[in-house]
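Structure record follows, encoded as structure tokens.
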Amino acid sequence: MDIPWWRDAVVYEIYVRSFADASGDGVGDLAGVRERLPYLRELGVGAIWLTPFYPSPMADGGYDVADYRDVDPLFGTLPDFDALVADAHDHGLRVIVDIVPNHSSSAHPWFQAALRGEGRERYLFRDRTNNWQSTFGGPAWTQVEDGRHYLHLFAPEQPDFNWRNPEVHREFLDILRFWLDRGVDGFRIDVAMGLYKAEGLPDVGDQSFKAASPVWGQPEVHGVYRDWRKVLDGYPGERMAVGEVWTDSSEDLALYVRPDELHQSFNFAWLQAPWSAAAFRKVIDDTLSTVPFATWVLSNHDVVRHRTRYAADDPVTGLERARAALLTMLALPGSAYLYQGEELGLPEVSDLPDAARQDPVFFQSKGELPGRDGCRVPIPWTVDPPSHGFAPGGVPPWLPQPAAFAELSVEKQEGDTGSTLEFYRRALACRRDLARSIPYTLEWLKSPEGVLFFTRGPLICALNCGARPVRLPEHDEVLLASGQLRGDLLPPDTAVWLRRTS
């Protein structure tokens with residue numbers, strides 16, 4: 001049986017505003033992405049995922065969509081998008097685009113009509129509110145001039161759609177077809193578990209992302225994805241969809257990737273796991289025992305970068321652990337999603353001035369929460385300030401970059417065999433050579449406390465999360481290590497790929 005491309009793909013997330021600026025306004029754009037496609041091909045990824053580039057007031061970085069069938073002038077034009085897709089395909093790269101079905105922008109024509117009292121059934125308007133809170137902070141309800149309130153699980157500028165209205169269903173099926181007709185290979189579905197809310201919108205005591213919640217994961221959502229799957233299956237070229245599903249249960253996560261629903265769903269338990277062999281093993285076991293096609297991700301545009309998460313007070317240890325986690329992740333069955341800049345070893349930028357911050361989380365929490373700007377700082381391409389090659393002509397980027405980014409830039413790391421960039425390139429090339437020749441199944445080997453040893457056919461992966469070096473399992477060849485081995489010993493905070501021939 002042919003293996004679909006997405007089953008073991010490496011997908012590179014591009015936060016468009018922060019990847020590369022070709023126009024010279026300090027904001028990344030589609031033309032900038034297009035110029036950097038050779039870099040991505042050389043890195044060794046198989047697909048790119050573009051965060052929203054649609055017309056938007058940018059109240060939430062583009063996740064407040066005002067028009068689902070166009071490109072915001074900040075990022076370019078529809079012809080720019082078409083050229084990017086064509087060039088990506090010429091480079092052997094698939095293209096996944098973000099779709100945001102839980103909510104629109106308050107600037108969307110539908111919501112503007114709703115404010116005039118027209119078509120309010122497309123959104124969730126109520127005379128009385130409940131106790132739900134916005135995920136970004138503060139109440140999840142905003143009152144309009146006639147006294148009614150509308151629900152927004154995120155920013156007030158992001159009113160939630162009413163998915164119990166068939167018109168919303170028809171609209172999004174048409175949006176899918178619009179982008180599929182333009183050649184996209186798949187969709188990343190924002191807040192995929194949030195479309196439906198429990199009938200009656202009851203008060204809640206706990207609004208966290210749980211499988212059993214009036215706010216998230218209502219059973220009706222699965223009918224939406226069955227309809228979407230039929231649309232995707234009607235196009236050639238193995239078009240796919242991956243859901244952003246936050247839940248506390250791997251069994252619940254598996255419901256989204258049944259044969260007639262989504263192809264994949266993000267596995268956030270892996271991202272949330274602390275630096276611990278026991279925690280990693282539990283996530284791996286839970287995932288592989290429930291989800292037919294696993295995904296693995298360490299960072300994205302919504303979370304603290306994993307180099308910083310693993311050791312916030314020790315940048316050297318944090319980088320060692322980040323590299324080891326990457327090598328371990330790439331050895332697991334399934335597909336891997338990388339976030340731009342992690343291949344450079346970028347840390348979270350934690351000292352952004354308040355005046356520069358743009359994330360609504362920061363503003364709605366009245367500055368109590370820093371928000372997500374720290375992982376969205378534009379990536380450095382060269383050593384030169386003020387934008388380190390991100391923007392031409394000395395234009396400063398939309399978020400300030402720390403001076404330390406010069407030493408982490410592509411220019412500085414390229415050709416340095418010890419650099420994180422070259423390590424990523426070697427790891428992805430080795431994975432590509434191995435991916436289709438090793439079984440999807442994983443087998444655990446006996447290992448010391450704080451250490452993981454597992455095999456997939458001839459490949460052995462060893463990860464040391466402990467405090468002392470450990471002896472490597474029996475092997476015939478060392479393929480790749482995340483750090484320097486000590487003879488036959490694996491140091492702490494290090495992972496290695498080994499091969500055995502018998």
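As a basis for the values below, the full set of heavy atoms in this structure was taken, side chains included, without hydrogen atoms, waters or symmetry mates. In this chain, residues are counted from 1 in sequence order.
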Checklist outcome for this item: residues 446-465 vs side chain to side chain donor-acceptor pair (under 3.5 Å), sequence neighbours excluded, gives none
Next on the checklist: What's the separation between atom CZ in R425 and atom CD in E42, rounded to the nearest 0.5 Å?
Outcome noted: 4.0 Å
Item to check | Between S249 and D252, a side-chain donor and acceptor under 3.5 Å | outcome: no
Checklist entry - Taking atom CG of D313 as the centre, does the number of heavy atoms from other residues, nucleotides or ligands within less than 6.0 Å exceed 12? => result no
Next on the checklist: Please list all pairs meeting ring-ring contact (aromatic ring centres under 6.0 Å, His included) that have one or both residues in residues 457-484, counting only residues at least two apart or in different chains.
Outcome noted: none
Checklist entry - Under 3.5 Å, side chain of E407 to main-chain N/O of A404, donor-acceptor pair present? => result no
Item to check | Side chains of W163 and N102, donor plus acceptor under 3.5 Å | outcome: no
Checklist entry - According to the salt bridge (charged side-chain N to carboxylate O under 4.0 Å, His left out) rule, which pairs have a member within residues 211-224, sequence neighbours left out? => result R164-E220
Item to check | S105 (side chain) donor-acceptor with S56 (main chain) under 3.5 angstrom | outcome: no
Next on the checklist: Taking the side chain as everything from C-beta on, heavy atoms only, tell me whether S104 gets closer than 4.5 Å to V65.
Outcome noted: no
Checklist entry - Does any N or O in the side chain of D29 come within less than 3.5 Å of the main-chain N or O of G32, such that one atom is a donor and the other an acceptor? => result yes
Item to check | Side chain E244, main chain V191, donor-acceptor under 3.5 Å | outcome: yes
Checklist entry - Side chains of W381 and E411: does their closest heavy-atom pair fall under 4.5 Å? => result no
Next on the checklist: With salt bridge (charged side-chain N to carboxylate O under 4.0 Å, His left out) as the criterion, how do E348 and R305 come out once you've worked through the C-alpha distance, each side chain's angles and the decisive distance to 0.1 Å?
Outcome noted: CA-CA 5 Å; E348 184 81 358; R305 287 186 176 274; 5.3 Å; no
Checklist entry - Is a side-chain donor-acceptor pair under 3.5 Å present for D64 with H103? => result no
Next on the checklist: Y39 vs E343, test: side chain to side chain donor-acceptor pair (under 3.5 Å). Steps then yes/no.
Outcome noted: CA-CA 12 Å; Y39 166 83; E343 77 277 11; 2.6 Å; yes
Next on the checklist: Contact between R376 and R372 at the side-chain level, heavy atoms closer than 4.5 Å - yes or no?
Outcome noted: yes
Next on the checklist: Can you confirm whether the side chains of Q264 and Y337 place a donor and an acceptor under 3.5 Å from each other?
Outcome noted: yes
Item to check | Partner set under side chain to side chain donor-acceptor pair (under 3.5 Å) for S265, not counting sequence neighbours | outcome: none
Checklist outcome for this item: Sorted by chain and residue number, the salt bridge (charged side-chain N to carboxylate O under 4.0 Å, His left out) partners of D8 (sequence neighbours excluded) come out as R436
Checklist entry - Can you tell if the side chain of F280 reaches within under 4.5 Å of the side chain of M329, non-hydrogen atoms only? => result no
Item to check | For R182, all residues meeting side chain to side chain donor-acceptor pair (under 3.5 Å), sequence neighbours excluded | outcome: D82
Next on the checklist: Under a 3.5 Å cutoff, is there a donor and acceptor pairing between the side chains of Y15 and R17?
Outcome noted: yes
Checklist entry - Quick check: does any side chain N or O of W246 sit under 3.5 Å from a backbone N or O of S208, one acting as donor and the other as acceptor? => result no
Item to check | From CA spacing to verdict: ring-ring contact (aromatic ring centres under 6.0 Å, His included), F154, Y63 | outcome: CA-CA 10 Å; F154 297 90; Y63 283 91; 9.4 Å; no
Checklist entry - Between R500 and D476, does a salt bridge (charged side-chain N to carboxylate O under 4.0 Å, His left out) hold up when you go through it step by step? => result CA-CA 5 Å; R500 61 182 180 188; D476 298 301; over 6 Å; no
Checklist entry - Going by atom types alone, do Y256 and H263 pair a side-chain donor with an acceptor below 3.5 Å? => result no
Checklist entry - Do D488 side-chain atoms and R471 backbone N/O form a donor-acceptor pair below 3.5 Å? => result no
Checklist entry - So is R239 actually on top of W179's ring, under 6.0 Å and inside 45° of the axis? => result no
Item to check | Chi angles and distances behind the side chain to side chain donor-acceptor pair (under 3.5 Å) call for T317, D314 | outcome: CA-CA 5 Å; T317 298; D314 187 342; 2.7 Å; yes
Checklist outcome for this item: In this structure, CG of L338 is separated from CG of L298 (nearest 0.5 Å) by 8.5 Å
Next on the checklist: Please evaluate residues L452 and W444 with respect to the criterion side-chain contact (heavy atoms from CB on, under 4.5 Å), reporting the C-alpha separation (whole Å), side-chain torsions for both, the decisive distance (0.1 Å), and the verdict.
Outcome noted: CA-CA 8 Å; L452 296 181; W444 293 107; 3.9 Å; yes
Checklist entry - Any side-chain donor paired with an acceptor under 3.5 Å for D493 and W275? => result yes
Next on the checklist: Would D174 and R69 count as a salt bridge (charged side-chain N to carboxylate O under 4.0 Å, His left out) here? Give the steps.
Outcome noted: CA-CA 10 Å; D174 188 69; R69 298 178 183 84; 2.8 Å; yes
Checklist entry - When you measure from the side chain of S289 to the backbone N and O of D286, does any donor-acceptor pair fall under 3.5 Å? => result yes
Checklist entry - Is T328 reaching over with its side chain to a backbone N or O of L326, donor-acceptor style, under 3.5 angstrom? => result no
Checklist entry - Does the Y225 side chain pair with the main chain of R258, one donor and one acceptor, at a distance under 3.5 Å? => result no
Next on the checklist: Any salt bridge linking E261 with R229? Criterion: basic side-chain nitrogen under 4.0 Å from a carboxylate oxygen.
Outcome noted: no
Next on the checklist: Consider ring-ring contact (aromatic ring centres under 6.0 Å, His included). Of W6, F266, F187, which one does W49 pass it with?
Outcome noted: F266
Next on the checklist: Under the criterion side-chain contact (heavy atoms from CB on, under 4.5 Å), I'd like the reasoning laid out for W296 against T287: C-alpha separation, chi angles, the key distance, then a yes or no.
Outcome noted: CA-CA 10 Å; W296 311 96; T287 301; 3.8 Å; yes
Checklist entry - Does one side chain, of Q358 or D373, offer a donor that lies under 3.5 Å from an acceptor on the other? => result no
Next on the checklist: Any non-hydrogen side-chain atom of F454 less than 4.5 Å from a side-chain atom of L463?
Outcome noted: no
Checklist entry - Would S299 and H306 count as having a side-chain donor-acceptor pair, cut-off 3.5 Å? => result yes
Next on the checklist: Could you walk me through whether L344 and K412 satisfy the side-chain contact (heavy atoms from CB on, under 4.5 Å) test, starting with their C-alpha distance in whole Å, then the side-chain angles of each, then the deciding distance to 0.1 Å, before giving a yes or no?
Outcome noted: CA-CA 10 Å; L344 304 176; K412 188 71 173 180; over 6 Å; no
Item to check | Any R321 side-chain heavy atom under 4.5 Å of R307 side chain | outcome: no
Checklist entry - Mind checking whether F172 and Y68 have ring centres under 6.0 Å apart? => result yes
Item to check | F390 CZ to S409 OG distance, which is reported to the nearest 0.5 Å | outcome: 14.5 Å
Checklist entry - Run the ring-ring contact (aromatic ring centres under 6.0 Å, His included) check on Y54 and F75 step by step: do they pass? => result CA-CA 8 Å; Y54 314 109; F75 301 128; 9.4 Å; no
Checklist entry - With no hydrogens and no angle check, is any side-chain donor or acceptor of T51 less than 3.5 Å from a backbone partner on I14? => result yes
Checklist entry - With a 4.5 Å limit on heavy-atom distance, are the side chains of F19 and L50 in contact? => result no
Checklist entry - Are V10 and R431 close enough that some pair of their side-chain heavy atoms sits under 4.5 Å apart? => result yes
Checklist entry - Please walk me through it: do E342 and Y424 pass side chain to side chain donor-acceptor pair (under 3.5 Å)? => result CA-CA 9 Å; E342 71 172 78; Y424 264 67; 2.8 Å; yes
